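Everything on this sheet refers to the single structure shown next.
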Amino acid sequence: MTPFEGHERQATTLLEAAASGRLHHGWILAGPQGIGKGAFARAMALRLLTDAAGPPIMAQELEVPPEHPIARIMAAGSHPDYAELECLEKEKEGTHARNISVDQIRGLSRLIHSVPSLSHRRVVVIDSADDLERSAANALLKSLEEPPADMLFLLVTHAPARLLPTIRSRCHVLRFDPLNDAAMRRVLRAHQGDGMSEAELDVLLRAGEGSPGKALRYAGLQLAEMEQALTAIAAHGDADNRERLALAKMLSGKAARPRFEAFLERAPAFIAQAARGLQGSALGNALSHWEAARQLASGAVILSLEPGSVVFELAGHVAALSPSRLAA
């Protein structure tokens with residue numbers, strides 16, 4: 001996925017502001033998770049630092065040639081005027097910490113209080129600002145209140161309402177929308193190549209709902225096969241339980257664990273998507289089954305429920321979408 005794909009308007013907004021010399025020091029990049037905001041922020045940081053070092057790239061595009069000296073410095077992680085904060089990986093567990101700590105924010109002091117090295121501009125990317133500890137958010141606020149000249153903060157957020165109101169008030173908000181189908185197809189093809197069937201592409205498109213990151217989590221899990229089974233069950237209700245049992249068998253066992261976890265996400269979403277075309281009592285029935293499916297799926301892993309039983313029960317909620325049962 002190129003960081004520019006689907007976000008041309010946002011790129012133009014920042015590039016034009018920078019070219020005019022009126023680039024605000026703080027920007028909140030807000031939108032659904034998985035649509036490329038973080039990649040956009042990093043690409044924008046590289047482009048602005050490249051332009052500041054000169055000569056500026058005149059095209060209204062984010063991409064900087066990889067052989068450009070600034071691009072090479074950034075790729076090596078050694079640009080002295082750039083900092084990026086995200087949840088640190090825990091050394092022992094091999095997992096990511098839950099928050100961005102106040103020590104990480106304090107670690108920006110060198111960049112903030114020193115003279116820029118390669119140009120007049122300095123850039124900080126925080127991905128995501130939703131993960132800031134309370135004390136870290138307060139420490140960041142001090143820098144946003146009195147930013148150094150030509151300092152730029154790009155705060156990636158999936159839920160801007162979770163940020164401190166004082167942080168929101170000191171930043172401009174740049175909203176990112178889910179990608180349209182054409183952009184999604186280009187991104188998915190770029191990642192998966194021509195070996196992906198049209199059926200698999202279509203189901204990833206539906207599952208992603210405009211988020212390439214979300215769609216790509218399902219890649220390689222034969223999601224089309226699962227969706228075909230759910231569509232058939234929803235169409236005729238699976239009165240003899242044959243298709244539900246086959247689905248439960250397919251998604252049981254240790255080797256099927258990734259597909260089972262994908263099914264936990266997709267089954268409630270399948271019901272929700274089907275409910276959008278309903279009205280009256282049929283809609284009410286569908287929403288009741290969606291809520292029950294959502295609760296079951298959300299607790300299945302935490303409670304270590306048996307996969308086959310969970311799949312069978314979730315498929316039963318999908319079976320309730322059949323026209324004959326919804327009308328009952």
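What you see is a predicted model, and the numbers here were worked out from it, not measured in a lab.
Put simply, Leu15 and Val173 are part of two different groups of oily side chains (I, L, V, M, F, W, Y) that touch within less than 4.5 Å, one to the next. Residues Val123 and Ile100 do not share a hydrophobic cluster, defined by chaining ILVMFWY side chains whose heavy atoms lie under 4.5 Å apart. Under a hydrophobic clustering in which Ile, Leu, Val, Met, Phe, Trp and Tyr are joined whenever their side-chain heavy atoms come within less than 4.5 Å, directly or via other members, Leu85 and Phe40 fall into different clusters. Phe270 is connected to Met250 through a chain of hydrophobic side-chain contacts under 4.5 Å among Ile, Leu, Val, Met, Phe, Trp and Tyr, so both are in one cluster. Under the 4.5 Å side-chain heavy-atom criterion for grouping Ile, Leu, Val, Met, Phe, Trp and Tyr, Val102 is not connected to Leu164 through any hydrophobic cluster.
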Distance-only check: which donor-acceptor pairs under 3.5 Å involve side-chain atoms of residues 134-146, not counting sequence neighbours?
residue, atom, partner, partner atom, Å
Asn138, ND2, Arg134, O, 3.3
Glu145, OE2, Arg170, NH2, 3.4

Would you list the atom pairs, donor with acceptor, under 3.5 Å between side chains in residues 223-231 and any protein atom, with sequence neighbours excluded?
residue, atom, partner, partner atom, Å
Glu227, OE2, Arg266, NE, 2.9
Glu227, OE2, Arg266, NH2, 3.1
Thr231, OG1, Glu227, O, 2.8

Contacts table for residues 72-82: side-chain donor-acceptor under 3.5 angstrom, sequence neighbours left out:
residue, atom, partner, partner atom, Å
Arg72, NE, Glu67, O, 3.4
Ser78, OG, Ile73, O, 3.4
His79, ND1, Asp81, N, 3.0
Asp81, OD1, Ser117, N, 2.9
Asp81, OD2, Ser117, N, 3.2
Asp81, OD2, Leu118, N, 2.9
Tyr82, OH, Glu84, OE1, 2.7

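Counting only residues at least two apart or on different chains, the side-chain hydrogen bond (donor to acceptor under 3.5 Å, both in side chains) pairs with a member in residues 291-312 are Glu291-Arg294, Glu291-Gln295, Glu306-Ser309. Here side-chain hydrogen bond (donor to acceptor under 3.5 Å, both in side chains) pairs that include residues 213-222, with residues two or more places apart or in two chains, are Glu209-Lys214, Arg217-Glu265, Tyr218-Glu265, Gln222-Arg259. Annotation: salt bridge (charged side-chain N to carboxylate O under 4.0 Å, His left out) contacts involving residues 233-247, sequence neighbours excluded, comprise Asp238-Arg244, Asp240-Arg242. Listed by first and then second residue, the side-chain hydrogen bond (donor to acceptor under 3.5 Å, both in side chains) pairs that reach into residues 17-32 come to none, sequence neighbours excluded.
Side-chain contact between Leu247 and Phe312 is absent, with no heavy-atom pair separated by less than 4.5 Å. When side chains are defined from C-beta on, Leu179 counts as touching Ile35, because their heavy atoms get closer than 4.5 Å. Contact check for Ile28 versus His172: no side-chain heavy atoms found under the 4.5 Å cut-off. Side-chain contact between Arg106 and Ser101 is absent, with no heavy atoms from C-beta onward closer than 4.5 Å. For the pair Leu48 and Leu23, the minimum side-chain heavy-atom distance is below 4.5 Å. At least one side-chain heavy atom of Ile271 sits less than 4.5 Å from a side-chain heavy atom of Val318. The closest side-chain heavy-atom distance from Leu204 to Leu216 is not below 4.5 Å. Arg122 places none of its side-chain heavy atoms less than 4.5 Å from the side chain of Leu152.
Scanning for salt bridge (Lys or Arg N to Asp or Glu O under 4.0 Å) contacts around Asp127 gives Arg42, with sequence neighbours left out. Applying the ring pair (Phe, Tyr, Trp, His ring centres under 6.0 Å) rule to Phe260 yields no partners; only residues at least two apart in sequence or on another chain are considered. Partners of Asp51 by salt bridge (Lys or Arg N to Asp or Glu O under 4.0 Å), not counting sequence neighbours, listed by chain and number: Arg47. For the side-chain hydrogen bond (donor to acceptor under 3.5 Å, both in side chains) test, no residue two or more places apart in sequence or in another chain qualifies with Arg9. Looking at residues two or more places apart in sequence or on another chain, you find no salt bridge (Lys or Arg N to Asp or Glu O under 4.0 Å) involving Glu16.
Across Leu155 and Cys171, no two heavy atoms sit closer than the pair CD1-SG, 4.1 Å. Considering every non-hydrogen atom in both Gly308 and Ser252, the closest pair reads CA-OG, 3.2 Å. Val187 and Pro212 get closest at one heavy-atom pair: CG1-CB, 3.6 Å. Of all the heavy atoms in Pro65 and Ala71, the pair that sits closest is O-CB, 3.4 Å. Smallest separation of non-hydrogen atoms from Ser169 and Thr166: OG-O, 2.9 Å. Nearest heavy-atom pair across Leu154 and Ala45 is CD1-N, 4.4 Å.
Residue Leu303 places its CG atom among more than 12 non-hydrogen atoms of other residues, nucleotides or ligands, all under 6.0 Å distant. Around CD of Gln192, the count of heavy atoms belonging to other residues, nucleotides or ligands within 6.0 Å exceeds 12. Around the CZ atom of Arg175, the shell of radius 6.0 Å holds no more than 12 heavy atoms that belong to other residues, nucleotides or ligands.
For the residue pair Lys37/His7, the side-chain donor-acceptor check at 3.5 Å is not satisfied. With no hydrogens or angles considered, a side-chain donor-acceptor pair links Asp131 and Ser128 at under 3.5 Å.
Atoms CG and CD, from Leu305 and Glu313 in turn, are 9.0 Å apart once rounded to the nearest 0.5 Å. Taking CZ from Arg162 and CD1 from Ile167, the interatomic distance works out to 12.5 Å, rounded to the nearest 0.5 Å. Note that CG of Leu108 and CD1 of Ile126 are 6.5 Å apart. Values are rounded to the nearest 0.5 Å. For the atom pair CG of Asp202 and CZ of Arg206, the computed distance is 6.0 Å after rounding to the nearest 0.5 Å.
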(request) May I have the step-by-step check of side chain to side chain contact (heavy atoms under 4.5 Å, CB included) for Val311 and Leu264, ending in yes or no? (result) CA-CA 8 Å; Val311 171; Leu264 293 179; over 6 Å; no

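Ionic pairing of Asp181 and Arg186 is not present here: no N-O contact between side-chain nitrogen and carboxylate oxygen is shorter than 4.0 angstrom.
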